[in-house]
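We use all heavy atoms of the structure for the numbers below, so side chains are in, but hydrogens, waters and symmetry mates are not.
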Amino acid sequence: MRVSGPDSLSFLQGQFTNELRTLPATGGAYGLWLNVKGKVVADSFIIPGDAPDVFWIGSYFSPAAVIRERLESFLIADDVVVEDCTHQWTAVSVLGAPLPPGKRPASGVSFPGRRSGEASVEYVFPLPEEAAVRALWAGVGEEDAIAMTRRRITAGIPAVPIDIGASDLPNEAGLETDAISFTKGCYLGQEVMARLKSMGRVRRRLLRVRSSRESPPAPGTPLFSAGRPAGEMRSAVADAAGGSMGLAMLSLLTLAPDQALALTENGPPLWHILDAL
């Protein structure tokens, strides 16, 4: 078992009715917030609260203000309250087996996370309880934000809006299975999602890349293949072997499976694509 504090956290509480009542009693659901063109605005987990019409909405990296604005833009006559609790709560990610009952926070919510390729659980609890919770976990191994980023990139899990955002479609990051519904009622971007499922094909994809010799480049660094633009790095981190690994948004139109990537037009092709095209 290993734990990690959140490198970023947005957390809202809302009182809703109607369709959200169909959420499972435990675990909640992960999904994306899209605009009318089907592009990614934010992501979040929605977790049932203690009362029938109370729900928690949490996101690793998408700002609470963005999610709250999306929610409130659809409120017309419903009796709904949305509160930003980001600065009142904190969280810990637990990798591996869930915490035994005696090690869990006294209050708060928990739900399955998306931190790495192995199972993880997020425990979110009031900030004043942090010292007491950390005392419960004395002696448990802890990982920092860099290690958690490495785990996420290794598993090919995109961070929203770092790796996929307002200029991108969910399908370009492989999120149509985990974060998009094709049976739900009307929502922004639904027509685009249905069209892509039935007859479309994306021209770009978020792929894992690695270099054994270079340090992590900044987000947005252009990538080139055979002297031609191929895409850009979205996030990167040092790996355990002295090189770097990252997630890059790459064009599928010009790349061949065995082509390497460079950081400049005439630079050495030191970055290799780890995923199948």
Would the distance check show the side chain of [X] and the main-chain N or O of [Y] forming a donor-acceptor pair, the cut-off being under 3.5 Å?
X    : Y    : result
D275 : R208 : yes
T264 : G267 : yes
E176 : L169 : no
N171 : G174 : no
D178 : L175 : no
Y60  : G113 : no
T221 : P217 : no
S244 : E214 : yes
E130 : L127 : no
S59  : S44  : no

Would you name the heavy atoms of [X] and [Y] that are closest together and state the gap between them?
X    : Y    : result
P158 : I164 : CB-CG2, 4.0 Å
A241 : R210 : CB-NH2, 3.6 Å
A147 : D144 : N-OD1, 2.9 Å
A155 : S116 : CB-C, 3.9 Å
V202 : L252 : O-CD1, 3.8 Å
T86  : A64  : OG1-CB, 3.6 Å

pair [X]-[Y]: side-chain heavy atoms closer than 4.5 Å:
X    : Y    : value
L196 : R201 : no
L250 : V209 : yes
L207 : L274 : no
E122 : R114 : no
R151 : E143 : yes
S120 : V94  : no
L263 : F224 : no
M148 : L95  : yes

Kindly work out whether a path of hydrophobic side-chain contacts (I/L/V/M/F/W/Y, heavy atoms less than 4.5 Å apart) joins [X] to [Y].
X    : Y    : result
I153 : I157 : no
I162 : V237 : no
F61  : I47  : yes
V66  : V80  : yes
Y187 : Y30  : yes

Measure the [atom1]-[atom2] distance between [X] and [Y] for me, rounded to the nearest 0.5 Å.
X    : Y    : atom1 : atom2 : value
E232 : R204 : CD    : CZ    : 7.5 Å
T254 : R203 : OG1   : CZ    : 12.5 Å
R213 : W271 : CZ    : CH2   : 12.5 Å
W33  : D43  : CH2   : CG    : 10.5 Å
I180 : M193 : CD1   : CE    : 5.5 Å
L261 : S211 : CG    : OG    : 10.0 Å

Under the side-chain hydrogen bond (donor to acceptor under 3.5 Å, both in side chains) rule, what pairs show up with a residue in residues 94-105, not counting sequence neighbours?
none

Intermediate values then yes/no, side-chain contact (heavy atoms from CB on, under 4.5 Å), M233 and L223
CA-CA 7 Å; M233 192 73 71; L223 294 168; 4.2 Å; yes

Could you please spell out the steps behind the side-chain contact (heavy atoms from CB on, under 4.5 Å) verdict for V82 and E72?
CA-CA 8 Å; V82 180; E72 293 181 339; 4.1 Å; yes

Residues E129 and S107: side-chain donor-acceptor under 3.5 angstrom:
yes

Check the side chains of R115 and S93 for a donor-acceptor pair under 3.5 angstrom, ignoring hydrogens and angles.
yes

R134 and E142: side-chain contact (heavy atoms from CB on, under 4.5 Å), yes or no, with the steps?
CA-CA 11 Å; R134 287 198 169 273; E142 185 170 359; 3.3 Å; yes

More than 12 foreign heavy atoms under 6.0 Å from CD of Q88: is that the case here?
yes

Would you mind telling me which of F125, F45, W89, F111 makes a ring pair (Phe, Tyr, Trp, His ring centres under 6.0 Å) with W56?
W89

Under the salt bridge (Lys or Arg N to Asp or Glu O under 4.0 Å) rule, collect the residues that match up with R152, sequence neighbours excluded.
D163

Intermediate values then yes/no, side-chain contact (heavy atoms from CB on, under 4.5 Å), I67 and S62
CA-CA 8 Å; I67 299 173; S62 298; 4.3 Å; yes

Check step by step if salt bridge (Lys or Arg N to Asp or Glu O under 4.0 Å) holds for D168 and R234.
CA-CA 12 Å; D168 310 309; R234 292 294 173 88; 2.9 Å; yes

